[in-house]
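Numbers restart at 1 for each chain; the letters A, B, ... are given by sequence-line order, proteins then strands. None of the values given here were measured: they were computed from a predicted structure.
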2 protein chains.
Amino acid sequence: MNSLNISFPLERNDVVSLLQHFNISPTRQRIEIAEFLFQRPQHLSAEKILDGVTEAGNRVSRATVYNTMGLFTNKGVVREVLIDRERVFYDSNTDAHQHLYNVDTGELTDIYDTEVDKIVIPNLPEGLKVVDTDVVFKVASE
Amino acid sequence: MNSLNISFPLERNDVVSLLQHFNISPTRQRIEIAEFLFQRPQHLSAEKILDGVTEAGNRVSRATVYNTMGLFTNKGVVREVLIDRERVFYDSNTDAHQHLYNVDTGELTDIYDTEVDKIVIPNLPEGLKVVDTDVVFKVASE
DNA sequence: CTGCTTGCAAAGGCTTTGCAGAACA
DNA sequence: TGTTCTGCAAAGCCTTTGCAAGCAG
């Protein structure tokens, strides 16, 4: 999925390149948000992103966080993960991978299972192509 | 996932049995909601469920629809599908199956792919078990 | 009776929007 | 100087909650 091979954490220069690669003009706010996102592979809500950017000493409005994350998602910079109905999570890891969601703790972790790539959809109608595959394994304590 | 082998549409008597099977006392409202859900395999939002039940000539409040769908989900009568960030969908088909989501049209369809059942999670921590597997293929026009 | 259910209205909480000012090319 | 972007505040919208009345066992 991700042909960019991001090596976390991303330096500021790399962040700017990344944004430009996706045809996003690198404004101060977008750079600061992206820098925070790509410190490491992580799953973050809009609120957490706002908090994180703010704690890093930068000032970005809530509306801009929402606008920016919508933009990043559309452009493919990050991936939306819908698991918790309470809020959307943004995944800074866009490599092909799946998720393990612990229903007891709410913890969301990445897993890599090459078998998933081999899945072929039976009877995929003509003229359609798969643009993304979301796989979430919900796990609980035994 | 579903060992009940529901044959759509479900008759009123079967609906009552179904609810009892899940230890849900069959109140008028719950029966009417379940009857609407199990007319056919479908993916419905709370609003659509309220509309449908109302149009069928029954009277149920919005709050009861939400309460009931929460109950049905917890008991395993239906499955929540989180795809659209706008709202939650409830799936009246609880057989093991996957979803095809057309990002252009918003259409959500069921697919059956036995290969998915074979997926084994690498490094699943001890003491955890998989309780559910959500697979969504996002497709678009070529 | 006693506890479970329902329904209304209000509150809650995440997200979007309108619009004026700022930044940018 | 025209376009894009930001930020504030308000609005929007889905969902939950408090609470009184109704219903079931």
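Between A:Met69 atom CE and C:dT15 atom P there is a gap of 11 Å when expressed in whole angstrom units. In this entry the distance linking CD1 of A:Ile24 with P of C:dA25 reads 15 Å, nearest Å. One can place CD of A:Gln20 at 11 Å from P of C:dA25, the figure rounded to the nearest angstrom. Taking atom CG of A:Asn67 as the reference point, atom P of C:dC19 lies 16 Å away to the nearest angstrom. Rounded to whole angstrom, the span from the CG atom of A:Leu50 across to the P atom of D:dG7 amounts to 10 Å. When the P atom of D:dT15 is taken as reference, atom NZ of B:Lys48 falls 13 Å away, rounded to whole Å. Between the CD1 atom of B:Ile31 and the C1' atom of D:dC23 there is a distance of 13 Å, given to the nearest Å. Between the P atom of D:dC8 and the CZ atom of A:Arg59 lies a distance of 4 Å, rounded to the nearest Å.
Taking only side-chain nitrogens and oxygens, A:Thr27 never comes nearer than 4.0 Å to OP1 or OP2 of C:dC24. Contact between the side-chain N/O atoms of B:Tyr66 and the OP1/OP2 oxygens of D:dT15 is found at a separation under 4.0 Å. Within the 4.0 Å cut-off from OP1 or OP2 of C:dC14, not a single side-chain nitrogen or oxygen of A:Ser45 is found. Residue A:Arg30 places at least one side-chain N or O closer than 4.0 Å to OP1 or OP2 of D:dT6. Put simply, A:Thr64 has a side-chain N or O that comes within less than 4.0 Å of OP1 or OP2 on D:dG7. Distances shorter than 4.0 Å separate some side-chain N or O of B:Ser25 from OP1 or OP2 on C:dT5. Look at A:Gln29 and you'll find a side-chain N or O under 4.0 angstrom from OP1 or OP2 of D:dG7.
Heavy-atom nearest nucleotides on DNA chain C were determined for B:Ala63 and for A:Glu47, and the one closer to the 5' end corresponds to B:Ala63. Closest-nucleotide positions on DNA chain D for B:Pro26 and B:Arg62 were compared, and the one nearer the 5' end corresponds to B:Arg62.
A side-chain contact (heavy atoms from CB on, under 4.5 Å) with B:Val136 is found for exactly one of A:Val135, A:Asp132, A:Asp134, namely A:Asp134. Applying the side chain to side chain donor-acceptor pair (under 3.5 Å) test between A:Glu32 and each of A:Arg30, A:Arg28, A:Gln29 identifies A:Arg28 as the sole match.
If you check D:dT17, D:dG7, C:dT15 against the side chain of A:Ala46, the one that comes closest is C:dT15.
Summarising the geometry of A:Pro26 relative to A:Ile31, their closest heavy-atom pair is O-CD1, 3.5 Å, with the distance given to 0.1 Å.
A single hydrophobic cluster is not seen to contain both A:Val103 and B:Tyr90; linkage of ILVMFWY side chains at heavy-atom distances under 4.5 Å, directly or through other members, places them apart.
A heavy-atom distance below 4.5 Å is not found between the side chains of A:Val65 and A:Val53.
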